[in-house]
Amino acid sequence: MTGGYHIRIRRPGRSAQSGHQPPSLPRVFECAAVEVSTNLPVIAAGEGVCIVGYLFSKARPSQRIVRLEEAQHEQILRSAGKSLISDFWGGYIAIIVDPANSSVSVLRDPSGSLPSYIYFRLDECTIADEAGQLAVTRFEIDEAQIGRFLATGSQIGRATCLRGITELLPGICATISPPSIRFSSYWSPWDFASPPYNAAPSEVADELRNTILDCIERWASCFDGIVLGVSGGLDSSIVASATAGTSNDLRCFTMVGPDADGDERRYASVLTKSLGLPLLSEFYAVENIDVQRSFLPHLPRPIASYFMQCIERAHRALDQEHPIGAFFTGNGGDNIFCNIRTVTPLIDRFQCDKRGTVETWRDLSDLTGSDLRSVFKAAWAAYRHGDTGSGAANLDLTGLKVIPRPAGTNERHPWLDAPPNALAGKHLHVELLTRAHHSIELYPNRTHPIQIAPLLSQPIAELCLSVPSWRWIEGGINRAPARQAFRGILPDELIDRQSKGGPSGFNVMLYQSHRAALHELLKDGILMARGILAPDYLGEPDDPTWRGRRRIQRLLTFGAAEAWARHWDGASSLASQ
């Protein structure tokens, strides 16, 4: 099912600016100076409230909500949308109009299932799922933000890599009354991360299993023709097992690389055989890659990697064989299940439960393969210096000429502002969650089936955040509660699997095949001309050993960013055409 949305909010008494035509979506809501257009589901509500997307009741077993009761509608109005956070969950954008104050509240649900980007002028504000649908006359890339994105691996905060375009972050409400706009946090991970929920491991596993099954089953009931990317890893296997119990039209699909790490059919087959489903697969192919093509250009950040062009091609073939209603993914599982390999769980245990410190010390040693002495020295050093183990301050400046400035208010994610005395492991868990939302956006919703990352659903996030960091490494294995929760449901071979695959081998083949075109693209490109990339890095000799893989990946990342920049810089908005 395809679905996009567009929201236009004007200053009262002002007409829409000439030249900016409404998008080619049906108008579903009009109130005061607000217009909402979408082909996504709309939850029926009374005057002043419009909810676009998917809404479920909070109490378990959750139910899909297609119409709000009068009391619920009044509570949403009175709370300016806050009751949506406390009483419901889902994947939605909510619009609440307050004519008395000439303001409009726009809330994005905490899971971030629907993308949301904002362009704000004095007289008018437009919000849409694609940056190209905003009422911008011409787009300009932001060199400083591109530099930060390339240095951090993701860009955490409202600012995007396009000037004037901001993201409405998950759990945040924008209150708009042109010419003013303010942002309020309606949902914070810290409401659940402190203090930690220190129940018995079996109790945690039971609650986690029941919550995950409930959320995924509700999502699966909304769509026919679900395609799920599987690798035989823990996260996608959990999604597959829960989805298969609800959907009679599930297809499991995996991409195959040229090396052992990239060929995960062995594990994926174990999964699909246990579910009684066939496994569909497709090989990565370098001839299907165009390094000058911007993949997922609708995103206001250069997120997509080249190898995703092969995935798109395979998805198109699947859709032609049998229409796809939704893409499901296990992405975000590592983040929500706190897959970390730092000393922070040991520090947390010492601060909260000194009697259990030795147990976590051993778990961390088993997890990392480090001896007990090395683990102790690293933990003691981190504890003395107050190091949270966060990656937010770790910049990778390899190949960059620009040195990103410190993140400003608009560039730093509000979830990273931890309360006093927050635990180090929870700092890292929350940061992982902020990064997860950049891995779930895929194709434009207006032309492709919707994409769902069910493991990031609000009830799952709230429960996982409450689990102490040391519980996630119990027994010396990562994501321990999730493994325990699904033991007996998934085959032991998948529950106990520690390895991870990926397309790194294909990336090497891709670079070797397209090296000349990639170097030409970067040498004469926007990023080099604008002082973002370091010319000397491009001229370094290739290292044919395994040590050269990091540079290959870096150059491929730069190439994808360059193709993205060429697509956007100076482009006209679709909404202004």
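This is a predicted model, so every value here is computed, not measured.
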Under the ring-ring contact (aromatic ring centres under 6.0 Å, His included) test, residues paired with Tyr92 that sit two or more places apart:
none

Looking at residues at least two apart in the chain, or sitting in another chain, which of them share a ring-ring contact (aromatic ring centres under 6.0 Å, His included) with Phe350?
Tyr383

Kindly state each residue pair satisfying side chain to side chain donor-acceptor pair (under 3.5 Å) with at least one member in residues 345-359, sequence neighbours excluded.
Asp348-Ser469, Arg349-Asp353, Arg349-Thr360

Going by ring-ring contact (aromatic ring centres under 6.0 Å, His included), name the residues that satisfy it together with Phe486, two or more places apart in sequence or in a different chain.
none

Verify the distance criterion only: is there a donor paired with an acceptor across the side chains of Ser294 and Arg566 at less than 3.5 Å?
no

Is it true that Trp219 and Tyr54 have ring centroids separated by less than 6.0 Å?
yes

Under the ring-ring contact (aromatic ring centres under 6.0 Å, His included) test, which residues partner His298, sequence neighbours left out?
none

Do you know the tightest heavy-atom contact between Val375 and Val343?
O-CG1, 4.2 Å

Listed by chain and number, what are the side chain to side chain contact (heavy atoms under 4.5 Å, CB included) partners of Thr126, not counting sequence neighbours?
His6, Arg8, Tyr119, Glu124, Leu134, Ala135

Ignoring hydrogens, what is the shortest heavy-atom contact between Trp190 and Trp415? Give both atom names and the distance.
NE1-O, 2.7 Å

List for me each residue that meets side chain to side chain contact (heavy atoms under 4.5 Å, CB included) alongside Ile43, sequence neighbours excluded, and say none if there are none.
Ile51, Leu55, Ile65, Leu68

Given side-chain contact (heavy atoms from CB on, under 4.5 Å), test Ile216 with Leu455 step by step and report yes or no.
CA-CA 8 Å; Ile216 297 179; Leu455 292 178; 4.2 Å; yes

Got more than 12 heavy atoms from elsewhere within 6.0 Å of CZ, Arg550?
no

Do Ile176 and Phe120 make a side-chain contact, defined as non-hydrogen atoms from C-beta onward lying under 4.5 Å apart?
yes

With Ser180, which residues qualify under side chain to side chain contact (heavy atoms under 4.5 Å, CB included), at least two apart?
Ser177

Side chains of Arg78 and Gln75: any donor to acceptor distance under 3.5 Å?
yes

Do we get Arg108 above Tyr186's six-membered ring, with its NZ or CZ under 6.0 Å from the centre and within 45° of the axis?
no

Of all heavy-atom pairs linking Thr175 and Ser105, the shortest is OG1-OG, 3.7 Å

Indicate the atoms forming the closest heavy-atom contact of Gly91 with Leu114, along with that distance.
O-CD1, 3.9 Å

Strictly below 4.0 Å, N to O, side chains only: are Arg446 and Asp129 in salt-bridge contact?
yes

The complete set of salt bridge (Lys or Arg N to Asp or Glu O under 4.0 Å) pairs with one or both residues in residues 335-345, sequence neighbours excluded, reads none

Arg362 and Asp366 ion-paired at < 4.0 Å
no

Looking at Glu143 and Arg163, is there a salt bridge between them, counting it only when a charged N and a carboxylate O are closer than 4.0 Å?
yes

Going by salt bridge (Lys or Arg N to Asp or Glu O under 4.0 Å), name the pairs with one or both residues in residues 455-472, residues two or more places apart or in two chains.
Lys58-Glu462, Arg471-Glu474

With Ser236, which residues qualify under side chain to side chain contact (heavy atoms under 4.5 Å, CB included), at least two apart?
Val230, Ser231

Taken in chain and number order and not counting sequence neighbours, the residues that satisfy salt bridge (charged side-chain N to carboxylate O under 4.0 Å, His left out) with Asp417 are Arg412

Please report the closest heavy-atom contact between Ser305 and Phe295, naming both atoms and the distance.
O-CD2, 4.3 Å

Ser111 and Gly90: which non-hydrogen atoms are nearest, and at how many Å?
OG-O, 3.2 Å

